[in-house]
2 protein chains.
Amino acid sequence: MDSKLKTLLFLLFSIFAILPTSISFKQHPLDSLTAAEFSLVQTIVNESYPKPSNLSFHYVGLDEPDKAIVYSWLSNSSTKTPRRALVIARYNKQTHQIKVDLAKRSIVSDKVYEGNGFPLLNEDEQSAAANLVLEYEPFKASVKKRGLNLSSVVCSTSTVGWYGETESKRVLRIPCFYPEGTVNMYLRPIEGITIVVDLDKMKVTKYNDREIAPMPKPEPTEYRLSKLKPPFGPRLNSSATFPAGPGFKIEGNTVKWANWVLNVGFDVRVGTIISTASIYDLDMEKYRRVLYRGFISELFIPYQSPREGWYHITYFDNGEFGFGQTAVSLEPFNDCPANAVFMDGYYASKDGTPVKTPNAVCIFERHAGDIMWRHTETEMPGDTREVRPEASLVVRMVATVGNYDYILDWEFKPSGSIKLGVGLSGVLEVSPVEYTHIDEIKEDQYGTLVAENTIGINHDHFLNYYLDLDIDGSTNSFVKNNLITKRNTEFNTPRKSYWTVERETAKTELEARLKLDTKPIELAVVNPNKETKLGQPVGYRLLPGSVAGPLLGSDDYPQIRGGFTNYNVWVTPYNKSEKYAGGNFVDQSRGEDTLLTWTNRNREIENKDIVLWYTMGIHHIPCQEDFPVMPTVSGGFEIRPTNFFEYNPVLKVIPPEHIQWPNCTRKH
Amino acid sequence: MDSKLKTLLFLLFSIFAILPTSISFKQHPLDSLTAAEFSLVQTIVNESYPKPSNLSFHYVGLDEPDKAIVYSWLSNSSTKTPRRALVIARYNKQTHQIKVDLAKRSIVSDKVYEGNGFPLLNEDEQSAAANLVLEYEPFKASVKKRGLNLSSVVCSTSTVGWYGETESKRVLRIPCFYPEGTVNMYLRPIEGITIVVDLDKMKVTKYNDREIAPMPKPEPTEYRLSKLKPPFGPRLNSSATFPAGPGFKIEGNTVKWANWVLNVGFDVRVGTIISTASIYDLDMEKYRRVLYRGFISELFIPYQSPREGWYHITYFDNGEFGFGQTAVSLEPFNDCPANAVFMDGYYASKDGTPVKTPNAVCIFERHAGDIMWRHTETEMPGDTREVRPEASLVVRMVATVGNYDYILDWEFKPSGSIKLGVGLSGVLEVSPVEYTHIDEIKEDQYGTLVAENTIGINHDHFLNYYLDLDIDGSTNSFVKNNLITKRNTEFNTPRKSYWTVERETAKTELEARLKLDTKPIELAVVNPNKETKLGQPVGYRLLPGSVAGPLLGSDDYPQIRGGFTNYNVWVTPYNKSEKYAGGNFVDQSRGEDTLLTWTNRNREIENKDIVLWYTMGIHHIPCQEDFPVMPTVSGGFEIRPTNFFEYNPVLKVIPPEHIQWPNCTRKH
């Protein structure tokens, strides 16, 4: 048999070998709600409330079936699975949590939430509140007093946080801007006016024109290519097109690529959700579970100016504004490369009607020029050089929450590694000042002079990832491998010291709460019930990336609400109701229902179904390069198999054929 | 004018706009020695020593001209620049440092080095020492006693370190292996024999057959595709080819890409050297200096077994074995993508003859699917969405130092960011054991059972980068921006706290030596003599990556030698003779001439020509996935402009045309 034929047979063999028998492409029980299902939810809920109702939808999403049901469906796709939606709605100034059975077309339960905090803001009420101000006479007078043209004013919304009030109302602050020819409104704030709108009453309830602040110039804020002036540059090549196709298959929301199968969901609150990600084990001839469900559970951005107009800016972007609601349509070729496949996202508007965000998620095979593994044998005879180029699967979305653009990537590698990437771009939040040179600045401005009359305010970004790892099964443990220096007392060698590994299994939540510091440690989630042939419990380890802790006082209100930043690593026993590190009802929350308060119960986590929570942080001191739009700053972390496989799971990757495509016709 | 024509004109304009006037493509004064120059050095040196001489070359490389001369050549390429070589050679058991003037064909100086430590090992003496053992009768007896076939034995070399001896000889330990059908010799060590060869005498000076150790099986160690058995997988696509060409120009060793111009050198000791990297400023219409010279100055890998046969394994790969000497030929398509351009590397063999490593360095434009910057304006009317896809230039080499493969990347971004990437692949160093299951292990084995009879020994990788940043000129300062929590006492708002930035300029070396920990800090090298229009000193900041510190006792010999791991960040005044963090003569060094000892002098560094040194570290607890060849583990860090530019330097990038290439002919 010649070697080409042999290779071909191996290829065919391997294609068949990795074809799963247990994966069905029926609707996955964790598939996000479809447009039709959103409409059905709207109909069912509206039918049960008196008409005309002032019901306002704030969250509509999948009410997940129990894990056991999902797993039994995965092993037998004829398993009956429920299909339910969770609705959070406001009705008569109360927050309702409504569960809807889609198959039975009925409401299963409808409970009024009595606790503190309010649900996700919907887009309609935010734009209503912002537009209200434009009609408000005192505001018109303020605009006139500043010599501005009302028709050019744009208002936005800002959450108010919680600062010890004992009674909270659903209110927003309304920051306004004067773009005047630029689209970069955030760099042209009209500062000095406090405007508060009550959302339940939908009226201005507080108004205070404190001072007339300077206004930065509009011209340098422009970033649209069509409006920029030469010289342009630098010139860059386009990426290549991929005649080979996307490299993966999508059926429903299930993506099958290389040795991975995973479900890609989309939720109005958290954006992309990865569910039931499993990796194929060539030797075991089966898919093995890695991640049951993963998503960004909260994003906290405390700004660092204590001034009126600024002190309250401590956003929880996920729970207040929604990563799915703020997801933007991705631009082919630029947001995602030529070989990307796009998925639309849906969420409910205020009245429950499905809103479609076209191309909200993209999925692409990344060929970044990295090396999966290699070795050149330089000491043995023969010319042994074996190299496998890296390829990975990226699932991307971008949430543009007002000024900031968050580029949110899940990257799956054939080695089993999962990389979580965050890119920050977009526009700074700035405070206008009279200064045009730093020598004029005599007092702390709480940020950097990034352009004339423009202070980019210092702030942090803290992202918390919910990672319900089910490593080769649901019962897992969290292990801390401590690297400990030892003195050499045993061997008669001149070596005085070495480090060794002391393994510690966290028994309870408090033992798993960790601030990552210089203490050397390797953290892993393992399955103590599944061992390799050598006897190691199979596991995945955490490789932290950019680590940052909170700098606010622990008694400060935003920090009480953002307690999930107190530690970088947390482990909880799986509890379907604990999803959001900052709590379920985050707008004006009081920190009573957060990852910090849950874990204070110190529940047992050993050999249980557990969830890993990871908080990453970036302190951002703005610089001039961030103006008028920021080059992406990247952060992230990785989880990676450790004794999960018997040996290198990509050892037997066949290097791809390197096809050249000559005689092409150039076509734009 | 129609918009296509307009775009075309802009393109042409921008191409001309960025054409440099001051860059010449004559031989750059920092260009590495050519093959002809190596031969000339050999001739000149040999002519001055009596024949037949036993002179042995250990280092031949460029003797850098003074910085002032290089900069004056850069501004006027008719400036006369010297062309000299530095030779480190052994002659009559002494180490000579010889400077050779290539233009004058003469030796400028020849000094005997009297200090401790020995030069880089050359390949020839290493293979001579290894082969010597195969002829050594007691070793033949040991092989026979073990029932092994001598013709299948392969020996290698291992440096001995320094453990307090007052007299040192040039010796190596010789580890031997029994591949027996596999090429993965490192996983088949013949343990239990201590063999020491004296390199000056070239004879075995110590031999001790201590014990017969177990031998792991050869079969699972195989990694060559041609020898592996099905099932294969997962299947992966090839990356695309780039009909647009490489995207950069190379003349001599100078690479011009996008807004960057830089010189790529190759040195037997440090491998790739980046010199005079400058970035074009569109507004200033000139290139601005960023990096005068950067390379990996040392790599320290202490293994963590105190046992005989292992305690001494604390390699300094760079100063003992040489990253250039161990650089391997890169495989097109697999080590570097389809659009890569390759450069050969040269170094001198023992007798001074130039040795060519074909394709030792590759340079490619990376299109990884990332986003350079973006913003969708969701609150203003109109459909504003501006996205620029990221592209970068990668300069890569791979050093295979015995078992380990180090993938070493320099990545330049149009935003001015430089990312330093390290990928670890290759094969573990293992100790054979009798165990086939972890339950049998009762005592510390100093590593992980990664396969039957095979312990992967715990170890660290510490890399030190030499970064002679010349930010917009040679006189720079090192700034620590400390993030400090403050209480809000000034404003009548309910916010209790915030953080602010306290800037501190390091005056001396000790003020700049830093262990990176949880203390929030932003570090930057700035030019206090060059300000932006707003008055900020122009600068570059450091974004640390994987941080790890030493775990050996500070009194332990390897740690005394590897003192550059004591801190992550160091700043020294520029001194042409301080290049290698572990010292110049590292083999059996005693830690007397290292970054630690230099900085203990606590020289002044404010507003001077300074060098930033960065030590990154990875603690490696092996796992089964690392067997028989490791999936790449990546680390790295970034330097990035901070108030270097007046505004975002990639604001005016024109998004590349997305060319599709249909009607292609498939060709392998």
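Numbered from 1 within each chain, the chains take letters A, B, ... in sequence-line order. Predicted model only: the values in this text are computed from it and were never measured.
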With the side chain counted from C-beta on, respond yes when Q304(B) and T500(A) share a heavy-atom pair under 4.5 Å apart, and no when they do not. no

Could you tell me whether N492(B) atom CG has more than 12 heavy atoms of other residues or ligands within 6.0 Å of it? no

For the atom pair CG (N481(A)) and NE2 (H619(B)), what is the distance rounded to the nearest 0.5 Å? 13.0 Å

To the closest 0.5 Å, what do you measure between CG (D556(B)) and OH (Y498(A))? 11.5 Å

How close do G247(B) and N237(A) get, counting heavy atoms only, and between which atoms? CA-ND2, 3.2 Å

For the student: nearest non-hydrogen atoms of G233(A) and L282(B), plus distance: O-CD1, 3.6 Å

dist M372(B):CE -> S425(A):OG (nearest 0.5 Å) comes out at 10.5 Å

Taking atom CZ of F491(B) and atom CZ of R307(A), what is their separation to the nearest 0.5 Å? 4.5 Å

N648(A) and V629(B): which non-hydrogen atoms are nearest, and at how many Å? ND2-O, 2.7 Å

State, to 0.1 Å, how close A368(A) and A368(B) come at their nearest heavy-atom pair, and which atoms those are. CB-CB, 3.6 Å

Determine whether a donor-acceptor pair (N or O, by modelled atom type, separation under 3.5 Å) exists between the side chain of T493(A) and the backbone of P306(B). yes

Flag side-chain contact, heavy atom, 4.5 Å: D370(A) against T632(B): no

The reported gap from CD in Q624(A) to CG in L534(B) (rounded to nearest 0.5 angstrom) is 4.0 Å

Determine the minimum heavy-atom distance between P414(A) and P234(B), stating which atoms define it. CB-CG, 3.9 Å

How many angstroms lie between atom CD of E377(B) and atom OG1 of T400(A), to the nearest 0.5 angstrom? 9.0 Å

Heavy-atom pair with the smallest gap, counting every atom of Y647(B) and F627(A): CB-O, 3.3 Å

